[in-house]
Amino acid sequence: PEDADIYITLRPDHRPTPDYVRDLRMKLAQEMPGVLFNFLPADMVSQILNFGLPGPIDVQVTGNNLDVSRRYAVGLLEKIRHIPGIVDSRVRQADDAPEFRVNVDRTRAQELGIAQRDVASDLLISLSGSFQTSPTFWLDPKNGVSYSIVTQTPQYRLESLDDLRNIPVTGTKGPQILGALATISRGVGPGVVSHYNAQPIVDIFANVQDRDLGGVSRDINKILKDTAKDVPKGSIVRARGQMQTMDDSFAGLYYGLLGAIVLVYFLIVVNFQSWTDPFIIIMALPGAVAGIAWMLFMTHTTLSVPALTGAIMCMGVATANSILVVSYARERMTHGDDAVTAALEAGFTRLRPVMMTALAMIIGMVPMALGMGEGGEQNAPLGRAVIGGLVFATIATLFFVPAVFCLIHGGKPNAHAAMPEEHA
């Protein structure tokens with residue numbers, strides 16, 4: 001009851017969404033300082049990555065004593081708020097929500113043939129409706145649409161405590177009013193009650209602004225490590241949400257990138273029947289990694305899952321172009337050219353196919369790298385990683401790979417020089 005959701009739809013020609021969120025955070029806090037504003041993930045990708053949570057950062061304090069966990073979470077929240085880049089930090093389970101407490105006189109209720117269940121059920125129907133206790137539907141014979149029928153006391157008839165006391169309660173000995181068998185008092189209680197693995201938890205939610213999630217995650221983990229000795233007995237503090245998803249995703253992509261390089265190397269070994277030529281081929285990959293890092297740095301783009309996905313894509317194209325150069329150089333050596341001549345000839349001859357392959361990929365990624373279209377800024381890191389990686393990988397393929405080829409095969413005789421001369 002104390003929350004309200006505001007949905008904002010942007011026009012087709014809008015600026016990046018984070019710019020509007022940044023402006024609204026400042027203006028809303030200045031104009032309404034007594035109201036707490038939180039910006040929930042609006043796009044489908046962020047909602048999936050957050051697993052439905054209202055923020056990418058979720059620090060959970062789990063313990064059987066909810067009051068102790070809440071007090072510790074409030075103290076931990078003050079430390080987390082001082083981390084650069086943290087915004088919208090709050091404890092989700094507020095403990096000061098106003099409430100009315102209905103204390104039933106069980107002796108009096110038993111005399112009237114009314115049980116606690118009857119009181120709770122009638123209160124639920126009057127205040128929230130009968131759909132939860134007894135769902136009822138009416139089928140319109142004209143259009144065939146089913147409509148739910150809900151019985152509920154109108155809001156204008158529940159405007160005071162006297163109206164609440166006059167709510168009818170049905171028992172075996174006839175109906176009674178709530179005020180005849182219960183007393184109503186004011187109090188405060190939790191606005192939200194959450195559990196994880198059947199244990200009560202207190203969540204600290206926060207968003208990130210003008211900083212990458214990885215840097216904020218490292219600072220939060222450092223605070224959790226430094227305050228581990230102060231955790232109450234029986235309580236456990238864990239970092240969940242998108243922080244945990246990010247660590248798992250990055251670990252999987254790092255292993256995937258390394259595994260892709262290793263598998264490609266062994267595949268080339270099988271096809272080339274050599275250990276040295278595949279090593280020369282993958283010498284273009286360090287250039288691709290350098291290009292990815294350079295492009296992300298120049299565009300102020302953080303390392304993310306789309307960027308790592310683009311890196312894996314770039315590795316395949318860079319390896320294919322390097323295979324063109326090395327295979328042609330090996331072919332020239334079998335025709336009698338030395339290593340230097342073969343490398344130069346391979347560079348000149350394979351220049352066109354290498355450039356065509358790289359340019360086709362780079363030009364195709366330009367719209368994505370510019371973040372064009374609705375939500376284009378989410379996939380922009382992928383395009384930028386591919387462009388930067390292929391630019392440097394192409395240069396390495398045409399210059400560095402032939403140089404390594406000359407160094408490794410420079411001391412080997414060519415095929416015709418190794419053959420004995422024939423005498424007439």
Side-chain angles (χ1 to χ4, degrees), residues 1-5 34-36 38 52-54 60-74 77 90-138 146-205 232 234-235:
E2 74 277 5
D3 291 342
D5 294 332
V35 182
L36 180 63
N38 302 313
L53 298 177
Q60 289 184 352
V61 182
T62 305
N64 294 327
N65 194 328
L66 193 58
D67 294 333
V68 174
S69 299
R70 184 179 290 108
R71 286 196 296 269
Y72 180 77
V74 171
L77 175 62
R90 74 279 186 191
V91 174
R92 186 185 188 186
Q93 290 77 12
D95 60 344
D96 56 351
E99 62 183 13
F100 288 117
R101 297 176 180 174
V102 179
N103 186 16
V104 179
D105 186 346
R106 300 197 178 190
T107 303
R108 175 64 175 162
Q110 187 176 7
E111 293 176 354
L112 298 174
I114 299 173
Q116 285 278 84
R117 178 183 178 183
D118 300 329
V119 177
S121 178
D122 291 343
L123 278 176
L124 180 63
I125 293 174
S126 296
L127 301 178
S128 299
S130 61
F131 186 78
Q132 297 179 359
T133 57
S134 56
T136 306
F137 297 90
W138 175 72
S146 296
Y147 298 92
S148 60
I149 301 177
V150 179
T151 303
Q152 183 179 358
T153 303
Q155 291 289 334
Y156 60 86
R157 291 192 177 181
L158 288 174
E159 296 180 347
S160 64
L161 279 178
D162 290 335
D163 294 337
L164 191 61
R165 293 188 183 98
N166 290 327
I167 291 178
V169 179
T170 304
T172 57
K173 296 182 179 181
Q176 299 289 333
I177 61 173
L178 181 64
L181 49 90
T183 57
I184 302 174
S185 61
R186 298 178 184 270
V188 294
V192 178
V193 178
S194 303
H195 292 80
Y196 187 86
N197 288 340
Q199 287 187 309
I201 62 171
V202 178
D203 293 289
I204 300 175
F205 287 117
S235 298

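Here the structure is a predicted model, which means the values were calculated and not measured. Side-chain atoms are counted along with the backbone in the values below, which use heavy atoms only and exclude waters and symmetry mates.
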Using residues 175-203 as the side-chain source, report each donor-acceptor pair under 3.5 Å to any protein atom, sequence neighbours left out, with the distance given to one decimal.
unit_1 : atom_1 : unit_2 : atom_2 : d
Ser194 : OG     : Gln93  : NE2    : 2.8
Tyr196 : OH     : Arg240 : NH1    : 3.1
Asp203 : OD1    : Gln60  : NE2    : 3.4
Asp203 : OD2    : Gln93  : NE2    : 3.0

**Asked** Listed by chain and number, what are the salt bridge (Lys or Arg N to Asp or Glu O under 4.0 Å) partners of Asp5, not counting sequence neighbours?
**Response** none
**Request:** Only counting residues at least two apart or in another chain, list the ones meeting side chain to side chain contact (heavy atoms under 4.5 Å, CB included) with Pro232.
**Result:** Val68, Tyr72, Ser235
**Complete:** Closest non-hydrogen atoms of Ser126 and Leu158, given as atom of the first, atom of the second and distance, are O-CD1, 4.3 Å
**Request:** List in chain and number order the residues that pass salt bridge (Lys or Arg N to Asp or Glu O under 4.0 Å) with Arg108, two or more places apart in sequence or in another chain; answer none if no residue qualifies.
**Result:** Glu111
**Item:** Test salt bridge (Lys or Arg N to Asp or Glu O under 4.0 Å) applied to Arg101 - qualifying residues, sequence neighbours left out
**Value:** Glu99
**Message:** Is any side-chain heavy atom of Thr170 closer than 4.5 Å to one of Asp118?
**Reply:** no
**Message:** Suppose the criterion is side chain to side chain donor-acceptor pair (under 3.5 Å): which pairs have a residue in residues 149-167, not counting sequence neighbours?
**Reply:** Ser160-Asp163, Asp162-Arg165
**Request:** Of all the heavy-atom pairs spanning Ala73 and Ile204, show the shortest one and how long it is.
**Result:** O-CD1, 3.3 Å
**Item:** Euclidean distance, Phe100 CZ relative to Leu164 CG, rounded to 0.5 Å
**Value:** 7.0 Å
**Item:** Ser134 OG to Ile125 CD1 distance, which is reported to the nearest 0.5 Å
**Value:** 5.5 Å
